[in-house]
Number of protein chains: 2
Amino acid sequence: MTFLSDQALKDKLNNRGYRSTAQRQKVLGLFMSLPQGEHLSAEELHATLIKNDLGETASVENHISLSTVYRTLHLMVSIGLLRELELAEGHKHYELNRPLRDHHHLVCLNCNQTLEFSESSIADIGEKTAQNAGYQVLDCQLTLYGICTSCTAKNSI
Amino acid sequence: MTFLSDQALKDKLNNRGYRSTAQRQKVLGLFMSLPQGEHLSAEELHATLIKNDLGETASVENHISLSTVYRTLHLMVSIGLLRELELAEGHKHYELNRPLRDHHHLVCLNCNQTLEFSESSIADIGEKTAQNAGYQVLDCQLTLYGICTSCTAKNSI
DNA sequence: ATGGGTGCAAACTGTTTGCAATCTG
DNA sequence: CAGATTGCAAACAGTTTGCACCCAT
């Protein structure tokens with residue numbers, strides 16, 4: 001899933017007893033318009049949505065609330081539309097859960113710099129493992145934690 | 001590292017300009033006494049430490065504060081003694097960072113059940129990737145998110 | 001028309017921080 | 001001794017929740 005029409009989203013939601021709403025469409029739409037590899041926190045998402053709305057309609061009324069943002073993120077993660085990333089401290093980040101999940105992260109524990117890398121073999125391992133356990137996989141993440149070159153050099157820590 | 005004496009811990013800390021304290025020894029000691037695969041949140045760790053102290057000395061004074069627990073956990077993660085797990089919502093969990101990092105997690109997004117599994121090939125992939133990026137790896141985690149058998153059956157969500 | 005979804009504001013939870021006192025090297 | 005570390009309590013940030021209203025089905 002790299003592109004999903006509003007109608008397709010609606011079907012996906014309705015099939016599970018959920019409803020399609022303007023807010024949910026906007027959230028997914030924004031994620032779909034994001035460049036590959038870009039991820040947002042709940043608050044960044046919220047801020048962006050509001051900014052967009054202001055641009056389009058000059059109305060101050062088109063707000064989506066932060067609570068709804070959180071509720072929507074959870075919903076979409078549980079349906080497999082989004083993936084939740086736990087990178088550096090605190091802020092969780094979200095991104096589209098693309099079909100080929102060969103997109104993982106390398107995080108510096110000292111400065112929080114985050115690098116992305118791909119490794120197609122991981123998805124297979126994940127799929128196989130989950131199958132053995134009877135799980136239906138929605139996401140598969142390999143995260144490496146360490147100290148980056150410049151932090152090692154700076155001998156900080 | 002499956003066992004580390006107080007002296008070894010002290011050296012490890014001193015080498016980096018940190019100091020060895022009773023609190024740090026207790027924290028690491030507790031993790032070393034934990035059965036393989038067991039992990040604790042900061043608050044569980046804190047509660048356990050206090051309970052242990054009470055048992056041993058009947059003194060109510062042997063408390064380690066929650067702040068210190070947090071500070072110690074961060075320190076030990078950054079040194080590579082512990083690994084931080086982000087499993088279900090909120091609570092982060094910690095466990096000893098054993099040399100063979102072939103110990104990963106499978107989490108149900110619905111009921112939060114967590115399964116562990118090993119897959120030795122992952123560590124190699126991680127090591128190789130980190131090396132390319134010039135990182136010094138401290139931890140390597142593959143986490144699979146999905147829906148477990150019983151949740152799928154219950155058709156909840 | 002039903003019951004799922006939303007917004008708001010208030011409540012929470014886990015985590016962090018300033019500071020004075022205390023210990024380690 | 002100097003400087004790292006601690007405990008305490010207060011502050012925070014991000015996230016969740018109750019409730020009344022609204023809207024998709």
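Here is the naming used below: chain letters follow the sequence lines, and residue numbers restart at 1 for every chain.
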Practice problem: Establish, from distance only, whether the side-chain atoms of B/His103 and B/Glu95 form a donor-acceptor pair under 3.5 Å. | Solution: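 B/Glu95 and B/His103 do have a side-chain donor-acceptor pair below 3.5 Å.
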Practice problem: Verify whether one side chain among B/His104 and B/Gln141 offers a donor that lies under 3.5 Å from an acceptor in the other. | Solution: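 No, because no side-chain N or O of B/His104 sits under 3.5 Å from a partner of the opposite role on B/Gln141.
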Would you tell me if any nitrogen or oxygen in the side chain of [X] comes within less than 4.0 Å of OP1 or OP2 on [N]?
X	N	answer
A/Gln23	C/dG7	yes
B/Thr68	D/dG7	yes
B/His74	C/dT16	yes

Nearest whole angstrom, please: distance from the [atom2] of [N] to the [atom1] of [X].
X	N	atom1	atom2	value
B/Asp11	C/dT24	CG	P	16 Å
B/Leu13	D/dG3	CG	C1'	16 Å
B/Glu84	C/dG14	CD	P	15 Å
A/Arg24	D/dC22	CZ	C1'	14 Å
A/Leu75	C/dT6	CG	C1'	13 Å
B/Ile64	C/dC23	CD1	P	15 Å
A/Ile50	C/dG7	CD1	C1'	11 Å
B/Leu66	D/dG7	CG	P	10 Å

Quiz prompt | Shortest non-hydrogen separation from A/Val69 to A/Leu45 and the atoms involved | solution =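 Nearest heavy atoms, A/Val69 then A/Leu45: CG1-CD2, 3.8 Å.
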Quiz item: Which pair of heavy atoms, one from B/Arg83 and one from B/Cys140, lies closest together, and at what distance?
Solution: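 Nearest pair, atom of B/Arg83 first, then B/Cys140: NH2-O, 3.1 Å.
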Quiz item: Given that B/Glu43 and A/Ser67 both sit by DNA chain C, which one's nearest nucleotide is further toward the 5' end?
Solution: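 Counting from the 5' end, the first nearest nucleotide belongs to A/Ser67.
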Quiz prompt | Residue mapping more 5' on DNA chain D - nearest nucleotide basis, B/Gly17 or A/Tyr70 | solution =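 Between the two, 5'-proximity favours B/Gly17.
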Exercise. Answer whether the closest heavy-atom distance between the side chains of A/Leu75 and A/Leu13 falls below 4.5 Å.
Key: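 The answer is yes; the side chains approach within 4.5 Å.
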Quiz item: Rounded to the nearest 0.5 Å, how far does CG of A/Leu96 lie from NE2 of A/His39?
Solution: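 That separation rounds to 12.5 Å.
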Practice problem: Could you check which of D/dG7, C/dG7, D/dT15 has an atom nearest any side-chain atom of A/Arg71? | Solution: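 Looking only at heavy atoms from C-beta outward on A/Arg71, the closest nucleotide is C/dG7.
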Give me the distances for all protein-to-nucleotides 23-25 of chain D N/O pairs that come in under 3.5 Å?
residue	atom	partner	partner atom	Å
D/dA24	N3	A/Arg19	NH1	3.1
D/dT25	OP1	A/Asn14	OD1	3.2
D/dT25	OP1	A/Asn14	ND2	3.4
D/dT25	OP2	A/Lys10	NZ	3.4

Self-check item: Expected output: side-chain B/Glu44 to main-chain B/Ser41 donor-acceptor under 3.5 Å
Solution: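 Yes.
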